[in-house]
Number of protein chains: 2
Amino acid sequence: MTDRNGAGGGPHVVILGAGFGGLEAAKTLGACGVRVTVIDRQNHHLFQPLLYQVATAALSAPHIAEPIRSILSRFPSVSVRMGEVERIDPEARRLHCADGAEISYDWLILATGAKTGYFGHDDWARVAPGLKTIEDARQIRTRVLMSFEHAERCEDPAERERLMTLAVIGGGPSGVELSGALAELSRFTLARDFRRIHPEAARILLVEAGPRLLSAFGEGSSDFARRRLERLGVKVLTGRSVEAITAESLTVGGETLPVGLVVWAAGVTGSPLARQLGEVDKAGRIAVTRRLEVVGQERVLALGDVARCEGEDGKPLPGLAQVAKQQGAHLGESLAQHLQTGAPLTEFHYRSKGNTAIVGRHAAVYETGKRALRGWGAWLLWAVVHVYLLVGFQNRIAVSIQWLWLYLTYQSGARLISMAEIGPAEVKESLGEPVEEGPARA
Amino acid sequence: MTDRNGAGGGPHVVILGAGFGGLEAAKTLGACGVRVTVIDRQNHHLFQPLLYQVATAALSAPHIAEPIRSILSRFPSVSVRMGEVERIDPEARRLHCADGAEISYDWLILATGAKTGYFGHDDWARVAPGLKTIEDARQIRTRVLMSFEHAERCEDPAERERLMTLAVIGGGPSGVELSGALAELSRFTLARDFRRIHPEAARILLVEAGPRLLSAFGEGSSDFARRRLERLGVKVLTGRSVEAITAESLTVGGETLPVGLVVWAAGVTGSPLARQLGEVDKAGRIAVTRRLEVVGQERVLALGDVARCEGEDGKPLPGLAQVAKQQGAHLGESLAQHLQTGAPLTEFHYRSKGNTAIVGRHAAVYETGKRALRGWGAWLLWAVVHVYLLVGFQNRIAVSIQWLWLYLTYQSGARLISMAEIGPAEVKESLGEPVEEGPARA
């Protein structure tokens with residue numbers, strides 16, 4: 001069965017993935033009338049930089065997600081297909097989908113991003129969620145809130161302490177943001193809600209294998225982040241590697257600690273589809289030229305977190321949202337030109353707009369090559385930029401209001417527990433929840 | 001293990017359920033300094049009148065849910081416990097919880113409401129969700145949106161038509177509201193988003209066993225509702241009973257129709273805990289006196305949908321939110337007086353504020369004993385009242401904005417599909433989704 005795109009003839013570009021990179025490419029190509037099919041496993045585009053706020057009950061998932069169809073509906077030449085590609089056949093220029101469909105392409109853009117990587121310890125995935133999807137974020141939120149609920153009913157002081165110990169693995173921006181937000185959640189938002197436990201006494205651990213936090217930033221920013229987190233009550237453990245993780249414990253630097261939850265923010269690896277197109281590096285990325293062509297393939301391009309693209313300094317570009325966006329916009333133009341005039345594809349030049357990381361409720365670090373800004377000014381800049389970048393006007397209003405409310409009152413409207421989100425059986429047991437077989441209770 | 005409530009001595013009132021009734025009682029008793037423990041299986045209070053909007057992607061779940069702890073945190077004598085009571089022992093005045101805890105009470109208020117009732121056909125529950133919880137609403141929403149997604153990729157015209165046929169069972173206010181909202185979703189919100197299917201061509205069926213819709217209202221309102229729904233494209237089938245339901249078909253009035261989804265809005269039955277306190281009626285409700293005491297028990301009270309309480313006319317009071325709220329407030333006062341002064345419990349008198357039902361995007365019916373209002377005026381009244389009644393100031397703002405946006409643009413910000421919400425295996429199969437064992441993919 002071949003896919004029909006009602007927009008008529010012309011070369012057919014298929015884009016796999018509607019993240020930052022894929023979406024920019026789709027919009028740019030669509031604006032030029034190029035026939036495009038976007039395929040994604042989800043129906044929504046996710047604004048990942050704010051996912052940690054869903055995980056810490058500061059925002060609701062719908063605020064940071066926009067239906068792909070809405071975003072692309074104004075481009076008549078662009079179709080959206082919700083589905084999963086299992087196999088790429090570059091010889092026949094055909095894609096084989098999980099539901100049995102086959103889709104032919106003239107040009108393929110791989111923009112499937114990265115998934116959580118556990119450095120070979122894939123068994124840890126079951127009990128230590130990453131933070132890449134809405135399901136991840138909701139599972140983390142549910143487990144955090146349930147840990148406090150269970151601690152409230154618990155009679156055993158040791159168990160109570162375990163439940164109120166939350167660990168985050170990974171000292172990069174994700175881990176720093178997440179641990180800071182968890183500290184705020186327990187110290188402020190939940191503080192008055194319990195009668196037997198004191199949420200402010202929760203222990204938040206941030207574990208980093210390297211010598212300092214935010215290793216991609218300068219030392220000044222690393223120190224600033226560490227001090228701020230420690231002031232918020234986060235215990236920062238650097239120079240320690242994780243050795244084992246279970247639903248109830250964490251072994252780090254030879255010591256086994258009882259914990260209620262471990263969140264993995266320590267690594268990502270390129271989407272598995274990359275391997276079907278050639279050799280991937282240690283981070284699971286496929287090599288592309290400066291023109292974003294996949295090395296060793298014809299008419300296959302790649303961008304974003306799944307691609308290893310060299311920057312001006314010869315080093316691979318970082319896996320940042322702004323890199324993917326710029327690549328998507330560039331590739332869209334470059335390919336549209338090529339399809340319409342035959343001009344060769346052009347090289348991509350990344351223009352960094354600086355790096356940010358949030359450290360608690362009203363502080364951030366912001367660095368460009370030359371400047372560093374820390375504290376409240378950086379946070380305000382971050383907030384404004386991120387609201388601006390959010391897709392969907394309604395989302396921008398909603399998030400602005402929710403942040404204003406949270407800032408003024410410490411109260412969050414996003415603290416829903418849904419037991420359907422809690423995770424596998426051993427997690428339920430560790431939270432003292434009865435584990436039954438059969439369909440979920442109404 | 002007994003539960004300790006840090007607030008000190010005095011009689012201990014335990015309230016099971018934090019719905020409208022339980023919450024009102026807790027707030028009233030708490031304001032009088034009575035020692036209360038509220039036990040609920042969920043962490044949030046749910047504003048059920050708007051649940052159908054979550055199911056039809058017009059609102060997000062967090063907008064209509066408020067953490068119970070937040071609502072009650074300002075009453076120091078009120079504790080909240082998230083948990084499930086398995087057994088009530090009225091002799092010993094003790095409750096046995098699913099997690100093994102035992103809780104003693106001096107007074108017990110049963111306010112556990114109702115769950116979806118299938119008139120003995122409990123096997124239908126698996127494939128035809130009711131609309132009582134957030135998980136129900138999300139499952140319905142996910143299945144509606146997935147049906148359209150699957151139809152878009154589908155090559156078989158008969159299968160496509162099946163997927164775009166959605167049935168609602170039950171012609172009371174819930175069914176009327178739901179079918180109207182489903183018609184709006186397909187006709188307006190989703191209309192421009194697909195390239196191969198035409199969502200406006202979706203068939204929405206509303207099936208009612210009795211002779212007319214809205215049987216608790218007057219005939220004028222019934223006719224108005226029917227005409228409005230038919231104008232929106234809903235096919236109304238009255239005088240037909242459901243005989244069978246599967247993941248792919250509905251048998252009604254002897255005819256088997258291929259359908260993509262069946263939603264059950266035809267009946268509720270009192271929560272199973274009621275049976276532990278005495279005989280229940282056909283609707284699963286336990287009999288209470290006019291003073292809301294459970295007949296045949298001492299120091300056990302009940303209110304809301306789980307209780308059968310006679311009104312002034314000798315007929316049982318309807319299972320409406322306003323009944324539960326008024327009972328909760330009354331019982332709170334009555335019991336507080338009794339505990340503090342020894343005065344006997346007083347009788348409850350229900351003052352109806354009228355009945356409403358929404359029929360499509362800007363029409364409603366509103367009836368009191370004397371007056372009936374239909375159309376846009378009734379809808380505006382309904383909207384204002386429901387925003388006012390929503391718990392949580394932030395929710396009121398958020399819902400007002402979301403409705404305004406929806407009204408002006410037809411665009412909804414609540415259309416997230418999360419495959420974790422989709423339901424059992426046969427549902428996945430009917431939507432052409434691969435069914436795998438093992439943990440959910442990231």
Side-chain angles (χ1 to χ4, degrees), chain A residues 1 4-6 42-44 60-63 65 67 69-70 73 79-83 98-99 101 115-116 125-126 130 132-136 138 145 149 152-153 155 190 192-196 392 394-395 397-398 401-402 405 411 413-418 420-421 424 432-434 439-440 442, chain B residues 1 4-7 42-44 60-63 65 67 69-70 73 79-83 98-99 101 115-116 125-126 130 132-136 138 145 149 152-153 155 192-196 392 394-395 397-398 401-402 405 411 413-418 420-421 424 432-434 439-440 442:
Chain A
M1 290 184 302
R4 297 168 295 124
N5 186 323
Q42 311 272 20
N43 80 323
H44 54 273
S60 313
H63 289 325
R69 295 187 180 283
S70 295
S73 73
S79 270
V80 177
R81 185 187 181 98
M82 182 176 172
D99 63 356
K115 63 185 183 105
T116 307
R126 220 169 133 73
K132 289 295 279 173
T133 65
I134 294 222
E135 286 82 7
D136 286 342
R138 283 177 169 165
L145 296 176
E149 290 290 344
E152 174 81 343
R153 340 186 266 244
E155 299 289 333
L190 300 181
R192 292 186 9 165
D193 280 5
F194 294 85
R195 298 282 174 259
R196 303 177 68 193
Q394 189 194 14
N395 286 344
I397 297 181
I401 289 179
Q402 192 133 346
W405 192 262
Q411 283 309 302
R415 293 157 48 187
L416 205 59
I417 290 179
S418 173
E421 298 160 352
E433 292 298 309
Chain B
M1 288 183 305
R4 298 169 293 125
N5 186 320
Q42 312 272 22
N43 80 322
H44 54 274
S60 311
H63 289 324
R69 294 187 182 286
S70 295
S73 74
S79 270
V80 177
R81 185 188 182 96
M82 183 177 170
D99 64 356
K115 63 183 184 110
T116 308
R126 219 170 134 72
K132 289 297 275 174
T133 66
I134 294 220
E135 287 82 8
D136 285 343
R138 282 177 170 165
L145 296 175
E149 290 289 343
E152 174 81 344
R153 335 186 272 241
E155 299 288 333
R192 293 186 7 167
D193 280 5
F194 293 86
R195 298 281 174 262
R196 302 174 68 192
Q394 189 195 13
N395 285 345
I397 297 180
I401 289 179
Q402 193 133 347
W405 191 262
Q411 283 309 304
R415 292 156 51 189
L416 205 59
I417 288 178
S418 173
E421 297 158 354
E433 292 297 307

Measuring from [X]:[atom1] to [Y]:[atom2], what's the distance to the nearest 0.5 Å?
X	Y	atom1	atom2	value
A/Ser79	B/Glu152	OG	CD	6.5 Å
A/His63	B/Ser60	NE2	OG	6.5 Å
B/Arg69	A/Arg195	CZ	CZ	8.5 Å
A/Leu145	B/His44	CG	NE2	11.5 Å

Considering all heavy atoms of both residues, which atom of [X] and which atom of [Y] are nearest to each other, and what is their separation?
X	Y	answer
A/Glu149	B/Asn43	OE2-CB, 4.1 Å
B/Ser73	A/Arg192	OG-NH2, 3.2 Å
B/Asp99	A/Arg153	OD2-NE, 2.9 Å

